[in-house]
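Worksheet for the structure shown next.
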Amino acid sequence: MELPVASDGIQLAAYRPRAPLSVPNENGKAAPGAFDESGYYQCYGDGSSVASRGSEALTGYETLDAPPHYDFYANTEAWGRRRHFRPSLYQLRANPEDESRPPIYEETGGQMERGDTSEEDEDELKEPPPEPTRFGWVQGVMIRCMLNIWGVILYLRLPWITAQAGIGMTWVIILLSSCITGITGLSTSAIATNGKVKGGGTYFLISRSLGPELGGSIGLIFAFANAVAVAMHTVGFAETVADLMRENGAVMVDRTNDIRIIGIITVTCLLGISMAGMAWESKAQILFFVVIMVSFASYIVGTIIPATPEKESKGFFSYKAGIFAANFVPGWRGKEGSFFGMFSIFFPSATGILAGANISGDLKNPTVAIPRGTLMAIFWTTVSYLIISATIGSCVVRDASGILNDTLSSSSSSEGCIGTACQYGWDFSECIKNGTCAYGISNYYQSMSMVSAFAPLITAGIFGATLSSALACLVSAPKVFQCLCKDRLYPLIGFFGKSYGKNDEPLRGYLLTYIIAACFILIAELNTIAPIISNFFLCSYCLINFSCFHASITNSPGWRPSFRFYSKWLSLLCAVCCVVIMFLLTWWAALIAFGVVLFLLGYTLYKKPEVNWGSSVQASSYNIALNQCVGLNNVEDHVKNYRSITPNTCLNIGFFPHIPGGPSESAVENACSESHVKWLNQRKVKSFYRGVVAAELRSGVNMLLQGAGLGRIKPNVLLAGFKKDWRSDTPQATHSYIGILHDAFDLHYGVCVLRLKEGLDVSHPSQGHASVSIDAELQPGTVFQKKQGKKTIDVYWLFDDGGLTLLLPYLLTRRKRWARCKVRVFVGGEKDKKEEQKADVLALIKKFRLGFHDVESFRHIRLNEVLQDYSRDAALIVVTMPVGRKGVCPTTLYMAWLDILSRDLRPPVLLVRGNQENVLTFYCQ
């Protein structure tokens with residue numbers, strides 16, 4: 001038989017985006033999402049030319065294949081631009097003369113469901129939808145987090161904590177809190193950069209990582225904790241206002257009821273600002289930030305200014321080494337006087353790190369804004385806490401009376417004087433003995449105001465810090481709860497999921513948060529509310545860190561965070577520390593928190609909500625099942641365990657001639673021999689084995705493709721060796737080989753053909769009753785068994801097949817032998833759009849978070865020559881395999897193209913073709 005002559009030239013310029021896909025709908029209009037074969041076509045044919053055939057009839061040598069495109073993976077479309085759709089396997093392989101049409105092909109990975117477009121809808125789409133308010137990393141995350149961290153504790157409790165724990169132990173408390181929040185920030189950054197983040201903040205991150213079971217429970221707890229935090233910060237504000245009123249003789253009822261009245265009025269005003277929209281709330285936050293920075297400046301200046309007699313009577317003496325030494329060590333007092341007592345009160349001041357993540361839906365680019373803004377906020381607020389605790393502890397004594405007459409006269413003796421102030425001419429011994437000292441950092445919560453150069457600025461700072469933190473929590477809680485309600489994991493809460501306005505404001509959630517906050521404001525005691533919040537936030541941080549650890553340890557291909565500066569073991573350590581600290585702080589509150597989590601977890605496991613987010617729990621379940629099944633290869637069968645099913649899916653086919661009576665007994669024994677499993681186990685190959693007996697190769701492979709696997713544990717890619725002897729073998733053998741590839745496509749398998757100089761060759765299948773497997777001693781070594789070093793893996797991504805061409809090299813680089821290899825991606829391009837197309841593909845690859853940064857574009861090239869020139873020293877060459885039209889394109893012609901494409905190359909060549917369904921996504925669900 002005369003074989004077709006094929007050239008090795010190909011023009012990648014033809015692989016450009018085609019016209020939008022459309023077919024007429026019932027009204028005669030083109031419905032987006034369907035495919036129109038009358039538009040743009042590309043061919044590979046004999047390889048001599050590739051050109052667009054817009055108006056010509058489609059032949060069996062042409063392909064509808066398209067180059068990589070963002071639209072193929074997106075779930076949404078941009079206004080004013082028609083969306084492109086990837087052709088299905090049917091469309092790529094169908095006979096162009098066949099007028100029959102299959103059902104509309106629907107992609108599982110990225111296509112958006114579209115219905116018929118009416119004239120009314122088209123009129124509505126003439127104007128672009130209003131753009132919602134979006135924030136960058138500074139205003140949306142860093143400032144918001146800093147304001148939430150700089151809360152009531154900073155101004156009203158940090159000096160008191162310094163007096164109790166001493167400067168040294170206070171630094172330990174601050175740094176321990178910052179370590180927990182810092183590691184949690186790293187874990188949050190990793191989770192937030194593992195795909196496109198939507199609204200829902202912390203709940204969205206945890207639920208899409210760990211699944212609805214734990215995500216739902218922690219979403220409720222975190223939303224509740226933020227609602228209670230509104231009360232805490234509002235009570236701090238009310239305390240300050242009540243104290244100012246009392247100093248000026250203005251008392252409404254008594255101190256406690258005054259705090260309640262002021263608190264309710266304040267939270268009502270904050271509710272109005274929140275319901276006005278994110279734009280107004282953000283402007284208010286900027287104002288609060290400026291006020292706080294001015295108050296800090298006033299405080300620092302005040303510590304430098306020499307103390308007046310009035311301030312000295314209240315315990316302030318500017319910087320003194322004696323005061324620093326005395327205040328460096330702890331001075332525990334009262335029932336709360338312990339390390340963990342102080343930690344429980346301080347820790348809520350470090351819990352604002354998720355304020356930016358909680359409004360993830362209102363950020364311009366959450367995957368960039370959340371890591372950068374959160375970590376910067378943690379750093380600067382930690383520095384500010386350390387500076388304030390050190391300066392206040394170096395300037396103010398623990399106890400002072402505030403009486404100007406309590407001085408040591410020159411004639412009186414200081415032998416009976418008690419306290420550090422004795423060194424500086426003041427005697428506060430009487431109030432220290434009686435416990436009636438009203439000033440000093442152990443007794444006066446407003447010590448920072450007293451130290452400040454201008455006290456009203458500190459008061460303004462307290463107002464700014466408390467109100468900004470309360471406002472941030474008042475916004476965060478409804479946003480988190482709204483996302484939870486929309487997922488409908490629990491009954492009776494869907495009512496609060498309704499959105500209003502262009503920013504999808506959760507107005508009903510605002511009202512619910514307001515009611516919860518008002519109830520806790522009635523407690524009117526800051527030191528009582530703070531420990532309650534600590535446990536709930538610690539529980540949230542525990543699960544965030546565990547989410548990061550679990551996603552990392554399962555080694556799922558979907559775990560590809562673009563933020564690399566995290567450690568799964570640090571995340572696990574932080575999660576354990578959070579649990580331990582919860583019980584050390586308030587054991588009964590910890591039990592309540594975990595009891596709620598377990599109850600909601602049990603409910604979700606019982607109800608089994610119909611959601612599928614590709615969580616790490618799913619990946620873990622698959623890994624466990626897979627490893628257990630592989631482990632059965634080392635377990636011998638026994639009569640008592642007859643009901644057990646041993647999974648075998650490694651391909652081995654024994655052949656028998658077409659004779660009456662079917663295969664012989666020896667052929668069956670050979671195919672089912674345990675020696676094949678032992679061969680795999682000796683080489684530590686984690687795979688299943690499946691032997692079948694068939695009359696010829698194609699029917700045997702077809703049996704394996706349909707029968708391999710058990711339930712969800714089944715293969716999805718067929719790997720075959722390249723048929724080298726196709727020129728000398730019979731046309732029937734070549735037809736059978738290509739038929740195997742088509743059979744795999746028919747069953748929605750991905751297909752890979754590996755061409756090596758030796759090994760993995762199906763050119764000489766065993767005849768009669770022999771097996772195709774090779775003895776252990778005769779098995780040749782391959783490049784895949786060697787450590788590759790700093791070589792390259794060259795990927796020629798010519799057509800978009802759903803991403804399998806990119807995913808396989810990525811998975812290979814996760815193995816130790818290939819970890820140091822650099823991946824280079826080559827794509828087709830037009831001369832006048834070369835850089836633009838290169839940038840588009842690079843941006844698309846970046847969204848996949850694969851870590852590939854080297855992309856090259858070519859125009860008119862002879863592909864095999866390019867492979868030899870550019871990839872001569874590569875460790876592996878991966879090329880997207882074209883698809884021939886079934887029953888139309890001659891098998892020998894198709895085989896010739898594959899041969900010419902991959903011939904005379906030193907590195908292994910892997911021809912890859914996915915099944916046109918997405919295996920990569922830039923979403924986190």
Side-chain angles (χ1 to χ4, degrees), residues 143 145-165 167 170 173-174 177 229-247 259 262-263 266 285 287-303 311 314-316 342 345-352 377 380-396 439-473 525-527 529-530 533:
I143 291 179
C145 287
M146 292 177 72
L147 288 174
N148 210 9
I149 295 172
W150 284 332
V152 60
I153 303 297
L154 170 65
Y155 288 98
L156 300 183
R157 293 297 183 271
L158 186 57
W160 175 71
I161 292 173
T162 304
Q164 289 269 1
I167 298 173
T170 300
I173 292 173
I174 294 171
S177 301
V230 175
M232 182 189 75
H233 295 297
T234 305
V235 167
F237 170 80
E239 270 192 13
T240 305
V241 175
D243 290 341
L244 289 174
M245 291 173 61
R246 186 178 58 179
E247 289 176 2
I259 291 175
I262 297 170
T266 302
Q285 296 285 32
L287 176 61
F288 292 145
F289 183 78
V290 173
V291 171
I292 290 174
M293 297 307 296
V294 172
S295 71
F296 282 170
S298 175
Y299 165 76
I300 295 298
V301 171
T303 61
K311 287 189 174 182
K314 296 180 179 180
F316 172 67
M342 293 299 105
I345 294 174
F346 173 80
F347 188 74
S349 67
T351 57
W380 288 116
T381 53
T382 300
V383 170
S384 67
Y385 281 138
L386 294 175
I387 291 175
I388 290 174
S389 64
T391 53
I392 199 75
S394 302
C395 297
V396 186
Y439 293 93
I441 55 177
S442 289
N443 311 290
Y444 188 49
Y445 288 152
Q446 304 285 348
S447 294
M448 287 186 65
S449 297
M450 182 262 294
V451 172
S452 174
F454 185 59
L457 287 178
I458 296 297
T459 302
I462 295 173
F463 289 173
T466 53
L467 293 178
S468 64
S469 298
L471 188 58
C473 293
E525 180 53 52
L526 189 62
N527 291 0
I529 301 174
I533 299 173

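Computation of the quantities below employed the complete heavy-atom set of this structure, encompassing side-chain atoms and omitting hydrogens, waters and symmetry-equivalent molecules.
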Do [X] and [Y] make a side-chain contact, defined as non-hydrogen atoms from C-beta onward lying under 4.5 Å apart?
X    : Y    : result
H233 : L467 : no
L154 : F296 : yes
M342 : T170 : no

Could you give the distance from [atom1] ([X]) to [atom2] ([Y]), rounded to the nearest 0.5 Å?
X    : Y    : atom1 : atom2 : value
L457 : I292 : CG    : CD1   : 12.5 Å
I173 : T162 : CD1   : OG1   : 8.5 Å
I458 : M448 : CD1   : CE    : 4.5 Å
L147 : L471 : CG    : CG    : 9.5 Å

Taking every non-hydrogen atom, the tightest pair across [X] and [Y]:
X    : Y    : result
P159 : S447 : CB-CB, 4.3 Å
M450 : V396 : CE-CG1, 4.2 Å
W160 : S442 : CD1-O, 3.5 Å
V291 : G461 : CG1-N, 3.9 Å
T303 : I300 : OG1-O, 2.6 Å

> What side chain to side chain donor-acceptor pair (under 3.5 Å) pairs are there with at least one residue in residues 287-296, not counting sequence neighbours?
Replying inline: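 Every side chain to side chain donor-acceptor pair (under 3.5 Å) pair that includes a residue of residues 287-296, provided the two are not neighbours, is Y155-S295.
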
> Which pairs with one or both residues in residues 451-472 pass side chain to side chain donor-acceptor pair (under 3.5 Å), sequence neighbours excluded?
Replying inline: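 Sorted pair list: S298-S452.
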
> With A472, which residues qualify under side chain to side chain contact (heavy atoms under 4.5 Å, CB included), at least two apart?
Replying inline: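 Side chain to side chain contact (heavy atoms under 4.5 Å, CB included) check on A472 returns N148, Q285.
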
> Quick one: side chain to side chain contact (heavy atoms under 4.5 Å, CB included) partners of M245, sequence neighbours excluded?
Replying inline: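 Only V241, A250, M252, I262 meet the side chain to side chain contact (heavy atoms under 4.5 Å, CB included) criterion with M245.
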
Going by ring pair (Phe, Tyr, Trp, His ring centres under 6.0 Å), name the residues that satisfy it together with [X], two or more places apart in sequence or in a different chain.
X    : answer
F316 : none
F463 : F237
Y439 : Y444
F347 : F343

> Taking only residues two or more places apart in sequence or in another chain, which ones pass side-chain hydrogen bond (donor to acceptor under 3.5 Å, both in side chains) with T382?
Replying inline: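 Per chain and number, T382 pairs via side-chain hydrogen bond (donor to acceptor under 3.5 Å, both in side chains) with S178.
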
> Run the side chain to side chain contact (heavy atoms under 4.5 Å, CB included) check on I462 and Q446 step by step: do they pass?
Replying inline: CA-CA 10 Å; I462 295 173; Q446 304 285 348; 3.5 Å; yes

>> Under the criterion side chain to side chain contact (heavy atoms under 4.5 Å, CB included), I'd like the reasoning laid out for D243 against Y445: C-alpha separation, chi angles, the key distance, then a yes or no.
In response: CA-CA 10 Å; D243 290 341; Y445 288 152; 5.8 Å; no

> Which pairs with one or both residues in residues 149-161 pass salt bridge (charged side-chain N to carboxylate O under 4.0 Å, His left out), sequence neighbours excluded?
Replying inline: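 Sorted pair list: R157-E239.
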
>> Can you pull out every salt bridge (charged side-chain N to carboxylate O under 4.0 Å, His left out) where at least one residue sits in residues 383-392? Sequence neighbours excluded, please.
In response: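 Of all non-adjacent pairs touching residues 383-392, none passes salt bridge (charged side-chain N to carboxylate O under 4.0 Å, His left out).
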
Sequence neighbours left out, cut at 3.5 Å: what donor-acceptor pairs do the side chains of residues 386-393 make with other protein atoms?
unit_1	atom_1	unit_2	atom_2	d
S389	OG	W171	NE1	3.1
S389	OG	Y385	O	3.1
S389	OG	L386	O	3.0
T391	OG1	Y299	OH	2.7
T391	OG1	I387	O	2.8
T391	OG1	I388	O	3.1

